[in-house]
**Student:** 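Dropping the structure in here first, questions after.
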Amino acid sequence: MSFPLLTVTAAVPAVGAVLTAAVPAARRTAAKWLALLFSLATLALAVLVAVRFEPGGARYQLTESHAWIPDFGVRYELGVDGIGVALIALTALLIPFVIGAGWNDADPLETQSTRWRPTQGFFALILMVEAMVIISFEATDVFLFYIFFEAMLIPMYFLIGGFGDRAHAGSEENAAAQRSYAAVKFLLYNLAGGLIMLAAVIGLYVVAGNFSLQEITAARAAGTLDMATNTERLLFLGFFFAFAVKAPLWPLHTWLPNAMGEATAPVAVLITAVVDKVGTFAMLRFCLGLFPDASKWATPAILVLALISIVYGALVAVGQRDIKRLVAYASISHFGFIIMGIFAMTSQGQSGATLYMVNHGISTAALMLVAGFLISRRGSRLIADYGGVQKVAPVLAGTFLIGGLATLSLPGLAPFVSEFLVLVGTFARYPVIGIIATIGIVLAALYTLVLYQRTMTGPVKAEVSGMHDLRLREVLVVAPLIVLLIGLGVYPKPLTQIVNPAVEHSLSDVHEKDPKPQVAVEAKNGEAAK
């Protein structure tokens, strides 16, 4: 029996969560180092998964399959394609930085009992989310995926509601109420999507007789699975609704600004850079794989919703006064680009969408974590409370600028490659959608540069005059992310060579090929006329 690498990769952070939670209350520092150690071990395993994955090999590799609930056709099936490998690597990469950035965020206040263990709980919950996200990227059994797709909501609920941002303008009672509201809203929205998906999962079993993604897609390709058109469309809508809530796609997005605004900066990164990627990943793996005809049927409506997300998110970001809510609305706009790339049904669009998932995770982590360092120094999330920070904290301002420039997809930084491919892929099939989507790029430059100008330039405000620059721990958290943004912006090949074969399989699922360039078509017609 081969070594169950995928199971171990997901199990290590889960074991780390249990052990971290069990650390005695008085040994908070030990709990932090233990959580960091397990996150680094998970990263090492994720690197091993990437090394053992062969881009030109089988579609799903490192597979594991065991009977779980045989009477209902449920199996413990794992496997990764290039898209899954990239997102597992992203998750494992970001968690150590999330832990490092939140090193002191959950330490108990002086008014709290020393018997309470918020620090241990905080880091245990982060590791538990990591475990559930990783196995969601690995699961090739639909029922297994659904369990962890829903289960990750519980630790996230406690991270948002129990460990909120301490930089709140109101009283502690008001802050607690706001955190509770954000956590409940997050949970209710995602539970509603999950319940609708559960009905669709049951319907899929009734039609297919099992939950195996590989068996169902093979049966669809061979023509041995009879699925009525209306049935397929209803099942597709059930799956897509849940993924659109998680992603989030307009108009199901309203939970995200509340959740990111009230959470600590590391937890906000966990939400938008890690957890939300499960939604867009699942659109590629399950919506297109299980329901190819329904995916093409729904494409025009989904592209319109994605376009609205792009423009709406960017427009609202321009008017934000809260730094963290600005980043949240910017993320809504970016998720619109990702979903647009997926449903453009071109290799450039889907490759760009997958790269966008990875690069958005890195750029948002860099920007949000530096913003968190800034907010913790001033004790305010309001943009108007800052000014002239670059004169007193130049390293903080410089890293904030690079994170912001990555958010607006500046050429030379990683997100530019992703956004360019998404737009090219969309324009090739839907030129009007592609042209209108460029409005999001213009607005991104506006809200990013205005944010930097108002917080970092101008006269030094008295409240920030004594602000100190980034400490060594904070530099160690941000510097690798900046290096990755530049490195993948200049040389994205390590990602593209892993992702592209998986994208080809995804397009074959929906029986689509890249449209021929219009210039080539016109030239061919011209030769024929002669």
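Please read these numbers as outputs of a predicted model, since none were measured by experiment.
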**Student:** Please determine which of V442, T448, L449, V450 meets the side chain to side chain contact (heavy atoms under 4.5 Å, CB included) test together with L446.
**Tutor:**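 Single side chain to side chain contact (heavy atoms under 4.5 Å, CB included) partner of L446 among V442, T448, L449, V450: V450.
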**Student:** Check the orientation of Y356 and H334. Use parallel for under 30°, tilted for 30 to 60°, and perpendicular for over 60°.
**Tutor:**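 Rings of Y356 and H334: tilted, 30 to 60°.
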**Student:** Could you state the interatomic distance from CE (M152) to NZ (K246), rounded to the nearest 0.5 Å?
**Tutor:**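 Those atoms lie 5.0 Å apart.
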**Student:** Do other residues, nucleotides or ligands put more than 12 heavy atoms under 6.0 Å from Y60 OH?
**Tutor:**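 Yes, OH of Y60 has more than 12 neighbouring heavy atoms, counting only those of other groups under 6.0 Å.
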**Student:** Quick one: closest heavy-atom pair of P251 and L305, and the distance?
**Tutor:**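 Taking P251 first and L305 second, the nearest heavy atoms are CD-CD2, 4.5 Å.
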**Student:** Does Y452 OH have over 12 foreign heavy atoms under 6.0 Å away?
**Tutor:**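 It does: Y452 OH has more than 12 such atoms within range.
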**Student:** Report, as yes or no, whether the 6.0 Å neighbourhood of atom CZ on R233 holds more than 12 heavy atoms from other residues, nucleotides or ligands.
**Tutor:**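 Correct, the count exceeds 12.
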**Student:** Can you tell me if Y430 has over 12 outside heavy atoms packed within less than 6.0 Å of its OH?
**Tutor:**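 Yes - once you tally the heavy atoms of other residues, nucleotides and ligands closer than 6.0 Å, there are more than 12.
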**Student:** Taking all heavy atoms of N190 and all of E150, pick out the closest pair and write down the distance.
**Tutor:**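 Taking N190 first and E150 second, the nearest heavy atoms are O-OE2, 3.8 Å.
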**Student:** Exactly one of R59, K296, R285 should register a salt bridge (Lys or Arg N to Asp or Glu O under 4.0 Å) with D509. Which one does?
**Tutor:**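 Of R59, K296, R285, salt bridge (Lys or Arg N to Asp or Glu O under 4.0 Å) with D509 is met by R59 alone.
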**Student:** So, Y447 and T407: side-chain donor and acceptor under 3.5 Å apart, yes or no?
**Tutor:**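 There is no such pair (donor and acceptor under 3.5 Å, judged by atom type) between the side chains of Y447 and T407.
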**Student:** What's the separation between atom OG in S331 and atom NE2 in H360, rounded to the nearest 0.5 Å?
**Tutor:**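 Going from OG on S331 over to NE2 on H360, the span is 3.5 Å.
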**Student:** I'd like to know whether S39 forms a side-chain hydrogen bond (donor to acceptor under 3.5 Å, both in side chains) with E130, so could you lay out the CA-CA distance, the side-chain angles of the two residues, the decisive distance to 0.1 Å, and finally the verdict.
**Tutor:** CA-CA 9 Å; S39 70; E130 179 182 23; 5.9 Å; no
**Student:** Under 6.0 Å between ring centres, would you say that holds for H253 and Y312?
**Tutor:**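 Between Y312 and H253, which both carry aromatic rings, the centre distance is below 6.0 Å.
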**Student:** Within the supplied structure, the quantity of interest is the number of heavy atoms (other residues, nucleotides, ligands) at a distance under 6.0 Å from F97 CZ; does it exceed 12?
**Tutor:**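 Yes, because the 6.0 Å sphere around CZ of F97 holds more than 12 heavy atoms from other groups.
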**Student:** Out of curiosity, I338 CD1 to D276 CG, how far, rounded to the nearest 0.5 Å?
**Tutor:**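 The CD1 atom of I338 sits 9.5 Å away from the CG atom of D276.
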**Student:** Using the ring of each side chain (for Trp, its six-membered ring), is F281 parallel, tilted or perpendicular to F137, with breaks at 30° and 60°?
**Tutor:**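 Geometry flag for F137 against F281: perpendicular rings.
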**Student:** Of all heavy-atom pairs between P155 and A151, which one has the smallest distance, and what is that distance?
**Tutor:**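 Smallest heavy-atom distance, with atoms named: CD-O, 3.2 Å.
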**Student:** Nearest 0.5 Å, please: how far is OG in S136 from CZ in F149?
**Tutor:**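 One finds 8.0 Å between CZ of F149 and OG of S136.
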**Student:** Which atoms form the tightest heavy-atom contact between E262 and A182, and what is the distance?
**Tutor:**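 So the minimum-distance heavy-atom pair works out to CG-CB, 3.8 Å.
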**Student:** Between E138 and V80, which heavy-atom pair has the shortest distance, and what is it?
**Tutor:**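 So the two residues come closest at CG-CG1, 4.1 Å.
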**Student:** Specify the closest pair of heavy atoms between I375 and Y386, including all atoms of both residues, with the distance to one decimal.
**Tutor:**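 Answer, listing the atom of I375 first, then Y386: CA-OH, 3.4 Å.
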**Student:** Mind checking whether F239 and F243 have parallel, tilted or perpendicular rings, split at 30° and 60°?
**Tutor:**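 Judged by the thresholds at 30° and 60°, the geometry between F239 and F243 is perpendicular.
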**Student:** By salt bridge (Lys or Arg N to Asp or Glu O under 4.0 Å), which residues pair with D141, not counting sequence neighbours?
**Tutor:**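 D141 satisfies salt bridge (Lys or Arg N to Asp or Glu O under 4.0 Å) with no other residue.
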**Student:** Got a second to check how far L374's CG is from R378's CZ, nearest 0.5 Å?
**Tutor:**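 Result: 9.5 Å between the selected atoms.
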**Student:** Ring centres of Y205 and F211 under 6.0 Å apart?
**Tutor:**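 Aromatic pair counts; centres sit under 6.0 Å.
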**Student:** As an exercise, state the distance from CG of L204 to CZ of F286, rounded to the nearest 0.5 Å.
**Tutor:**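 Output value for this atom pair is 10.0 Å.
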